[in-house]
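As a basis for the values below, the full set of heavy atoms in this structure was taken, side chains included, without hydrogen atoms, waters or symmetry mates.
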Amino acid sequence: MTFSHREYGAVAPGILVGSLSRKAGGLFNSVRRSAQELSSFGARVSVFGVRDEFTDKDLQAWSPLKPSVRASRGPSFLRYAPGLFQDTVSADLDLIHLHGIWQHPSRVALKWKQLTGKPVIISPRGMLDPWAVKNARWKKSLAGFAFEYSNLHSSSCIHALNQSEAESVREFGLKNPIAIIPNGTDIPVFSGERETHKPDWMRDDPRRVLLFVGRIHPKKGIEQTIRAFAQCVAEAPSIGNEWRLVIAGWDDGGHLDDLKRIVKELGLERDVVFPGGLYGEYKAAALSHASAFVLASFSEGLPMSVLEAWAYSLPVLKTVQCNLPVGFSAGAALEISNDEKQLAAQLVQHLSRRDLHSIGLAGRTLAEAEFGWRSIARQHLQLYHWVRFGGDVPSFVMLD
């Protein structure tokens, strides 16, 4: 199925998301960049979201789009946002694409569909994976019976980031069509002057950096990574002489203090660094000068951080729960466990390899070939036209 630019511009999607800022983690980059690329094709994109403490700092990053933002009330996990529903009704949309579930925007999408009869596409973003469903189960049950179960079952299509997430959608009991479209990433162009922008915390220590960038949350396996790194250094002192671990990200729920305490208890203050959240040029500088990337996650939809690491030619150490098996088959990733004993042995093995650079180059090739934003946006537009206007079923849509 193909469309001209004129046909692309005929669709008016509403992008609905719980957070428009860095607080959304990987969604901040993936949803924002997707929306911007959709707009570049001529689609009349409207964006709606809920205000949080970082919205004012990050709203300009959505340019040229101008999101509608509403303040929230009530418990943080429900995030009731008065006025958000009316904003969507007033926007003359062809469809709503909801990113993320279990919060108030889901109720907005459900009410909008009931009022207009137009399509709603839902991207669970890993939130229907078994680990995620079990986490904070009572809150999700409350939201489920209030609105989410109806929202999911009545949606025109579920957007899964990969085959694994599609299987989780079916295991949850949903029979809707499923569109499998991955996240994308920006592919940086290097100028050859990267050394001048090296972060201070990298200049202060000549050792190679094993980097984590993302939200500081228990599901990311950061505690297990720290404890495994401690074992790795104890069992193979040469690793400690050559490598240090950098944990960069914003604290989600107070987990950072626990991690810092563990580092101190293990005597790793010299070996583990917490530079805080990294954004824009600061994140680019960290990725440019790291030597490997690690994500020992327990549950992911499709992690933007891994795609970004590949775009910067970094070899990636990741669990199968990251839901990017193509990284293993393409020789761009090394498998790790989130069990700290197994992970320690794997770190000794992987960080001693002499072919890490070639693994990173394979990641760059993979990112360029399969995860550029332009091709991802084309698939979203094909999906939007299909659910709104009908026609041939896109090749990436599963009907059963």
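A salt bridge links Lys220 with Glu300: the closest approach of a Lys/Arg side-chain nitrogen to an acidic carboxylate oxygen falls below 4.0 angstrom. For the pair Glu269 and Lys264, the salt-bridge criterion is not met [side-chain N within less than 4.0 Å of a carboxylate O]. With respect to the salt-bridge test (charged N to carboxylate O, under 4.0 angstrom), the residues Glu308 and Lys283 qualify. A salt bridge is defined here as a Lys NZ or Arg NE, NH1 or NH2 lying under 4.0 Å from an Asp or Glu carboxylate O, and Lys140 with Glu148 fails to meet this definition.
The nearest pair of heavy atoms linking Leu93 to Thr88 is CD1-O, 3.8 Å. What you find for Asn183 and Leu307 is that their closest heavy atoms are O-CD1, 3.6 Å. Pairing each heavy atom of Pro67 with each of Leu65, the nearest pair is CD-O, 3.5 Å. Contact record, Arg207 with Asn241: CG-O, 3.3 Å, taken as the closest heavy-atom pair. Of all the heavy atoms in Arg270 and Asp205, the pair that sits closest is O-OD2, 4.3 Å.
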Exercise for the section: Test Ser68 against Asp87 for side-chain hydrogen bond (donor to acceptor under 3.5 Å, both in side chains), laying out the working first. Expected result: CA-CA 7 Å; Ser68 299; Asp87 288 345; 4.8 Å; no
Exercise for the section: Could you walk me through whether Asp58 and Phe28 pass the side chain to side chain contact (heavy atoms under 4.5 Å, CB included) test, one step at a time? Expected result: CA-CA 9 Å; Asp58 294 337; Phe28 175 54; 3.7 Å; yes
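Between the Ser352 side chain and the Val348 main chain, a donor and an acceptor come within less than 3.5 Å of each other. No donor-acceptor pair under 3.5 Å is formed between the side chain of Glu335 and the backbone N or O of Phe328. A donor-acceptor pair under 3.5 Å links the side-chain atoms of His104 to the main chain of Ala81, judged by distance alone. No side-chain donor-acceptor contact under 3.5 Å links Trp310 to the backbone of Leu366. Looking at Ser150, its side chain never comes within 3.5 Å of a backbone N or O of Phe147 through a donor-acceptor pair.
By the neighbour-count criterion of 12 heavy atoms within 6.0 Å, atom CZ of Phe54 is densely surrounded, having more than that number from other residues, nucleotides or ligands. Surrounding CZ of Arg388 are more than 12 heavy atoms belonging to other residues, nucleotides or ligands, all under 6.0 Å away.
Asn151 CG to Gln114 CD: the interatomic distance, rounded to the nearest 0.5 Å, is 9.0 Å.
At a cut-off of 3.5 Å, with distance as the only test, no side-chain donor of Glu242 or Ser238 sits close to an acceptor on the other residue. Gln36 and Arg33 form a side-chain donor-acceptor contact under 3.5 Å, judged by distance and modelled atom types alone. Side-chain contact, Asp52 with Thr55: a donor N or O sits under 3.5 Å from an acceptor N or O. Thr319 and Asn338 share no side-chain donor-acceptor pair at under 3.5 Å.
Annotation: side chain of Leu324 is not in contact with side chain of Val316 (no heavy-atom distance under 4.5 Å). Val120 is listed as a side-chain neighbour of Trp112, based on a closest heavy-atom distance under 4.5 Å. Under the 4.5 Å side-chain criterion, counting only non-hydrogen atoms from C-beta, Phe293 is not in contact with Lys318. Contact annotation: the side chain of His97 approaches that of Ile15 to within less than 4.5 Å [non-hydrogen atoms, C-beta and beyond].
In this pair, Tyr149 and Phe145 present their aromatic rings perpendicular. The plane angle is above 60°, beyond the 30 to 60° band.
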